[in-house]
Amino acid sequence: MRASRMHLCTLREDPADAEIASHRLLMRAGYLHKSGAGLYLYGPLLQRVLAKVKAIVSDEMARAGGLEVTMPIMQEQGLWEKSGRWATYQASRTMLTVKDRSGQTFGLAPTAEEVVTDYAANVVTSYKQLPVCFFQQHTKFRDEIRPRFGLMRVKEFIMMDAYSFHDSDESLDQTYQAMRKAYHRTFRRLGLEAFAVEADSGAIGGSGSHEFMVAAAVGEDTILFNAESGYGANVERAVGRVAPAPAWAAPAAAVRVHTPAVGAITDVMGFLQKNGYADVQPAHGLKCVLFVAKTEKVEVTVAAFVRGDRDINEVKLTNAITRLLGDQGPVLNLRPMHPPEVVTATTAQPGFAGPGAGLTVGLALFDKNTLDADTPYIAGANATDHHLVGFRIARDAAVKLHWDDLVTIREGDGDPQGPGVLSEKRGIEVGHIFKLGTKYSAAMQALYLGPDQKRHPFIMGCYGIGSSRVVAAAVEQHHDADGITWPVSIAPYQVVIVPAGKPGDAAVEEAAEGLYRDLQAKGIEVLLDDRDAKPGVKFKDWDLVGIPYRIVCGRGVATGTVEVKPRGGTNADVPLAEAVGLATTWIQERLAVLHAAAEAVR
RNA sequence: CGGGGCGUAGCUCAGCUUGGCUAGAGCGUCUGGUUUGGGACCAGAAGGUCGCAGGUUCGAAUCCUGUCGCCCCGACCA
C-alpha cells in the first residue's frame, strides 16, 4: 500500500476525552473514529488489526475442534423466555431491545446461549454426535451503563463466543481444558501476556469459570494472586485466610454503652478507647450492612455481617442469598438500603445496626471467615447512639443465623491453598470460560438421545474472547512515548519503506520502489511512504501507528546501503540487496517466537 | 440512575465573570514559493446556525429557562 493513497490521518494532540493509552493512541494514529458514546467506527488500519486478531482466534478455536458459524444478532424474546433469562436481562437492562413493524420485541445479542442451544436441539439428536462445539465472531450489543476508555468498554463490540455440548461432565471438562489451552495459545500468538484466574460466573450462570486477564494498571478488575502457588482469582470470587483479630478485654455480658454521634466503626472504636475500653480496634467491631435483594418473585431485606475492619463482597453476598432463597431466587438485584429503610429495619439512625433485639430483616448472614459465634464483639444496639460491648453472636443474636463466605479478600490475606500471602494487581478481562451444565438445555428442552434410549439435556460449556477489546488490551501492553508498538502478529502492516532523500532523487526513489516490489513479492505486508513530506514527519507518523519494521532509503543509497530498524530497536545499515532478506528474516523470527510460545502451552 | 463537569473551526483551546466593533489563536487543510534524516519557513486562502429551542434586551457565544449530547466518579461485563 502506498501511504499517499491510504488516508492516513494522525493527530498531533491527544483527543480531550481520551484518558488511557489505548484510547489516546488509537485515536491519535487514526485507527478509530468516535461515532457516539460507546460507538466507534473502525478505520482501515484498525480493520486490518482486527482481522488479524480474529483470524488467530478462529484458527485456535478450530484447532481445538470448534466449528465456526454465524448467528443472528436479533434474537426473539420467546427464546429468551424459554431459558428464563429475559427477566434477568430486562432487570439489569443490559440487553438492548428493538421492535419490528408487527410490534414483536427482539433483543440485540449480548450473548447467544439461547440461539445456539435452540440450534443444537435441532441438529444434534444423538449422543454419537457429541461432543460438539460451535463458535462465531460477531457483533454484540450491551447497553453499558457507562461506556468508557475507548474500545475497552463500549456498547457495540466484536466477541468470539463458543458453545460446547456434551453427554457427560468428563466430556465437558475435557473441552473446558482444551479451551483453556486454546486461549493461552491464542493470547501468546497475539503477543499478549495473559493469565487465567478463578471467576464468578455472573449472569451467565453455571458451576465453574475462569477469566483470562491481561495485566494492566488501567484494568477494571482486581486480581488476587500468589505467584508461588499459582493461585489467582478475581476479587469477586477470591477466597483466602484472614488473620484473626487480637484478643481484647471484653466484659462477660454484653454492656449497652452510650456512643453519642459515632456511627462509623473507626469513630466508635476511637470513642470506646477513650471511655474505658483501651484495647479495642476496628477488628473487634461487628460490621452490619443492610441490603434489599430482589428476585423475580420476591423482595427481601438482608443484614450482612463481617468483622469491623473488613468489607462485604456484594458478589459473594448475592450468591449466598440466592443459595438461601432456593426456588424463590435467583437474586437479580442487590442494593444497599436507603437511610429511611435502615431506620425502619433497626429502629435507629444508620450506623447503629446490629444482630441483637430490634433488628427486623428477612435474612441475616454472617461471614464465616472473619466472625466467630462465641467471640465478643462490639455491635450496634439498634438504638441511635448506642452500641453493645461484648456481644456474642451465638448467645446474643436475635436473628436466625446463616453463615457463609461474604468477605472481600485483599492484599496480605493468606493463600487459601498454601502457606503464602496474596498479592493484588489490576487486569483487563479479555476472555472468559464457563461450565454451564444443563441450565439452558434443561430450561429449553434441548435434548439428545443417549445410549440408554432416553432423552437427556445437553451438558454445556461456553467460552468468550473480546476480539475488539483484545486490540485495546494489546495497545495497553505495547506502547511507548512515541506511539504503539504492535506485536508483529497483529500489526496492520509489517514493514514501512521511507524514502528520505531530496525530492526528485531518482536513486532513492528507485531503491524504495524496488524494495516495495520485492517485499510484496515475498508476501510481506508493506507500506511505501511516497508522501511529499519531510522525513521527520514520516518517522513520527509510523512510530505512532506502530509499524514493527522500517526501512529508510536515504543518504546511504548513494553508497548502496539502506537502514533497517525494528520499532523501538536500533538501526542496521545493510546493502540495498540484503534489506529485503533481513526484514523478512526478522519478521519470520518474531512470528516464530510467538508460535513457539504458543506451542509451549501445556 | 445518583453526584460533578463540559458543549465555540477537522483537532486542542481562548473569549463568557462585568452583554456591544468583522468571534480569535495554535495545529491540521488548500494555493504559490523556499526547504528536505525526527512533527520546517514565508506569503496567501478556505473553514463557524458559538449544541438546539425559547426568553430577557436596542443588542446575546456571553444573562435566564428548557432540552439534547458528551466527559468524569459510583452499581454491569468480553
Side-chain angles (χ1 to χ4, degrees), chain A residues 8-19 23 27-28 30 33-39 57 88-89 91-95 109-111 137-162 183 199-204 211-214 220-221 234 236 291 314-315 318 332-336 338 427-434 462-473 482-483 498-505 508 531-544 550 552-557 563 565 571:
Chain A
L8 193 66
C9 45
T10 55
L11 297 174
R12 201 179 289 211
E13 286 168 288
D14 291 332
D17 55 4
E19 297 219 312
H23 188 195
M27 291 295 290
R28 266 191 66 195
H33 167 75
K34 182 173 164 179
S35 180
L39 302 168
V57 170
T88 317
Y89 273 69
S92 68
R93 297 196 296 176
T94 50
M95 186 157 61
T111 173
Q137 290 198 65
H138 209 194
T139 298
K140 299 286 182 298
F141 293 87
R142 287 188 192 162
D143 196 355
E144 289 290 338
I145 298 161
R146 186 150 88 84
R148 64 184 137 172
F149 296 153
L151 265 193
M152 202 70 81
R153 175 170 300 282
V154 288
K155 287 190 163 166
E156 184 177 327
F157 57 100
I158 299 191
M159 183 171 95
M160 185 291 295
D161 47 327
Y183 273 36
D200 184 72
S201 46
I204 307 279
E211 286 171 342
F212 284 74
M213 295 285 180
V214 165
E220 296 182 89
D221 288 276
N234 193 309
E236 293 176 348
F291 295 91
E314 292 189 24
V315 173
T318 300
L332 301 179
N333 180 275
L334 181 75
R335 63 163 176 86
H338 302 306
I428 299 165
E429 184 186 356
V430 288
H432 206 152
I433 58 180
F434 299 88
C462 82
Y463 320 91
I465 291 178
S467 310
S468 51
R469 180 181 280 180
V470 159
V471 174
D482 294 318
V498 179
K502 297 197 188 292
D505 184 331
V508 164
R531 295 176 299 168
D532 179 21
K534 294 183 50 152
V537 174
K538 297 180 180 180
F539 296 155
K540 287 285 187 192
D541 273 348
W542 300 120
D543 283 351
L544 180 59
R550 183 178 83 190
V552 180
C553 302
R555 47 194 169 221
V557 168
E563 296 158 22
K565 179 179 173 296
N571 258 334

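Labels below follow one simple rule: chain letters A, B, ... track the order of the sequence lines, proteins then strands, and each chain is numbered from 1. Below, each value reflects all heavy atoms present in this structure, side chains not excepted, and no hydrogens, waters or symmetry copies.
Contacts with RNA chain B (heavy atom under 4.0 Å) in residues 152-160 of chain A: A:M152, A:R153, A:V154, A:F157, A:M159, listed by number.
In this view, A:N234 and A:E211, A:D221 satisfy the side chain to side chain donor-acceptor pair (under 3.5 Å) rule, not counting sequence neighbours. A:K155 is linked by a salt bridge (Lys or Arg N to Asp or Glu O under 4.0 Å) to A:D143, counting only residues two or more places apart in sequence or in another chain.
Judged by the 6.0 Å distance and 45° axis criteria, A:R469 is not positioned over the aromatic ring of A:F157.
Following rounding to the nearest Å, A:R12 (CZ) and B:G26 (P) show an atom-to-atom distance of 13 Å.
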Protein-nucleotides 41-46 of chain B N/O pairs closer than 3.5 Å?
none

Could you go through nucleotides 6-12 of chain B and list every protein N or O atom that sits under 3.5 Å from one of its N or O atoms, giving the distance for each pair?
| from | atom 1 | to | atom 2 | distance (Å) |
| --- | --- | --- | --- | --- |
| B:U12 | OP1 | A:A16 | N | 2.8 |
| B:U12 | O2' | A:E13 | OE2 | 3.3 |

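Checked for salt-bridge contact, A:K140 and A:E156 miss the test: no charged N lies under 4.0 Å from a carboxylate O. Taking 4.0 Å as the cut-off between side-chain N and carboxylate O, A:R93 and A:E144 do not count as a salt-bridged pair.
The residue among A:R93 and A:E236 whose nearest nucleotide of RNA chain B lies closer to the 5′ end is A:R93.
Nearest heavy atom pair, residue A:I158 against residue A:S468, reads N-OG, 3.1 Å.
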Taking only distance into account, with no hydrogens and no angle test, what donor-acceptor pairs under 3.5 Å do side-chain atoms of residues 10-18 of chain A form with protein atoms, sequence neighbours excluded?
| from | atom 1 | to | atom 2 | distance (Å) |
| --- | --- | --- | --- | --- |
| A:T10 | OG1 | A:D541 | OD1 | 2.8 |
| A:D17 | OD2 | A:K34 | NZ | 3.4 |

